[in-house]
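Since the structure comes first, as structure tokens, the remarks are kept for the end.
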Amino acid sequence: MINELKKLYIEPTSKCNLNCKMCFRNTWIDEKLSDMNLDIYKKAINTMPDTVETVFFSGMGEPLHHPDIIEMIKIASNKVEKVELLTNGTLLTEEMSKALIDAGLTMLWISIDSLEEEDYEKIRVNSKLKKVINNIKSFNRVREYNPETKHSKNNVKLGLAFVAMKSNIDQLEKMPLFCAINGVNKVNVSNLLPSDEASTNDILYSRSLGVDTSSESMFSILPEINIPIMDWNMNSVEKTLIKLLTSQVSSLSVSNNKISRKAHACKFIDEGCTFVKNDGNISPCMPLLHSSETYLFTEKRKVYHHSFGNLNDSSLEDIWNSKEYTDFRKRVDEFSFSPCVVCGGCENWKENIEDCFGNPKPTCGACLWSEGIISCP
């Protein structure tokens, strides 16, 4: 467990100009739409430990919707080495791109879930794919990205965040070429966490839920198969590799690099992260930032917001070092929670309030982030 705060996620606003069908905002429980007060933001930055290396603007709203976002980035860039931001791309005008880069942004992430107009616009309601792609091109002009050298003059990076579903998984095949043409440096692919019953039919991991054979804990009892580099596009090689990947009766490595799902581990705890909600509350991870209804095992599950303190009352460093927060990070690092994802034998998994092992809220045994199924940049 990293007990130093390394990465600070800021939610500038919970407001958004889109109405994406898979967004948690659609099923929030007693949550209000609001912008972060600039004084609260300054307190977060001014009272964070000096161990923080990255400030990441994201959350459940659209960061570029906040009227003071450029000022926020300027403040952060004077304090930390890396400043990143995740946007839906619709407000990324050329003027905005220039302002972001001039303010000190080091990496821009854009959510884009399809490279086909019709599919994209079904997912990203009120958005247009052509507009977002044009905005990406203008961003590249501003950062003077050279496709031949694959380098930007000011070293600002560009990333894409992609939520994979049955309805769009074929689009990933087009992603490498799209990235090469549009100067994308990194792609983060996540599975879909359904926020309504209909979306449960669109997930790509229904057979993986309840199966623990791909986790690291099983490697000691599975036979190891290590294969060398091959021509992956050969039909026979492709079919064989897919069978090995899905067999769940062996530990597969490619050139001695294990292909596995790291289960029972929290990225946010492992990487020393914390989240500042738009109202100043401090949460340990993305799923606990807001109260919402999601679906697991095709049934509704309520995940309640949890805070270890508010910046109106304490400094960020004091909240981070508080006994309650420190004990929680230790508990998550040990992952001493009921194995809800591989069990489901009771009703406790339907809320994150308590579990069968007697853990107090918030409990993490049914968290798909900890199972390597959901992923954030």
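In this chain, numbering begins with 1 at the start of the sequence shown. These figures come from a predicted structure and were not determined experimentally.
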**Report entry** Flag side-chain contact, heavy atom, 4.5 Å: Met165 against Ile123
**Finding:**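 The answer is yes; the side chains approach within 4.5 Å.
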Query - Met286 and Phe268, any side-chain heavy atoms less than 4.5 Å apart - result: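 Sidechains of Met286 and Phe268: in contact.
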Query - salt bridge (Lys or Arg N to Asp or Glu O under 4.0 Å) against Lys128, all qualifying residues, sequence neighbours excluded - result: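 Counting only residues at least two positions away or on another chain, Lys128 forms a salt bridge (Lys or Arg N to Asp or Glu O under 4.0 Å) with Glu121.
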Query raised in the report: Does Tyr120 share a hydrophobic cluster with Ile169, counting links as ILVMFWY side-chain heavy atoms below 4.5 Å and allowing steps through other members?
Result: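 Tyr120 clusters together with Ile169.
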Report task. Verify the cluster assignment for Leu64 and Leu18: are they in a single hydrophobic cluster under the rule of side-chain heavy atoms below 4.5 Å apart? Result ->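 Looking at the clustering, Leu18 is in a separate group from Leu64.
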Query raised in the report: Got a second to check how far Leu8's CG is from Ile10's CD1, nearest 0.5 Å?
Result: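 Here the rounded value is 4.0 Å.
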Report task. To the nearest 0.5 angstrom, please state how far the CZ atom of Phe275 sits from the CG atom of Asn281. Result ->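 The distance works out to 14.0 Å.
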Query raised in the report: Does the ring centre of Phe57 sit less than 6.0 Å away from the ring centre of Tyr9?
Result: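 Here the rings of Phe57 and Tyr9 have centres that are no less than 6.0 Å from each other.
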Requested in this report: Measure centre to centre between the rings of Trp349 and Phe297, then say whether the value is under 6.0 Å.
Outcome: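 Yes, ring centres under 6.0 Å apart.
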For the residue pair [Y] / [X], report whether a side-chain donor-acceptor contact shorter than 3.5 Å exists.
{"X": "Ser152", "Y": "Asn155", "value": "no"}
{"X": "Asn26", "Y": "Ser195", "value": "no"}
{"X": "Glu62", "Y": "Thr87", "value": "yes"}
{"X": "Thr13", "Y": "Asp35", "value": "yes"}
{"X": "Asn278", "Y": "Asn37", "value": "no"}

Short N-O contact, [X] and [Y], less than 4.0 angstrom:
{"X": "Lys302", "Y": "Glu351", "result": "no"}
{"X": "Lys350", "Y": "Glu299", "result": "yes"}
{"X": "Lys277", "Y": "Glu31", "result": "yes"}

Requested in this report: Sort and list the pairs that fulfil salt bridge (charged side-chain N to carboxylate O under 4.0 Å, His left out) and have at least one residue in residues 90-109, not counting sequence neighbours.
Outcome: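 Passing the test, one end in residues 90-109: Glu94-Arg141, Lys98-Asp102.
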**Report entry** Derivation and outcome, side chain to side chain donor-acceptor pair (under 3.5 Å), residues Asp318 and Ser315
**Finding:** CA-CA 5 Å; Asp318 285 347; Ser315 72; 3.2 Å; yes
Query raised in the report: Does the ring of Tyr325 carry Arg329 above it, NZ/CZ under 6.0 angstrom from centre and within 45° of its axis?
Result: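 Positive - Arg329 is close enough to the ring of Tyr325 and near enough to its axis.
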Query raised in the report: Please walk me through it: do Asn233 and Asp231 pass side chain to side chain donor-acceptor pair (under 3.5 Å)?
Result: CA-CA 6 Å; Asn233 57 348; Asp231 292 333; over 6 Å; no
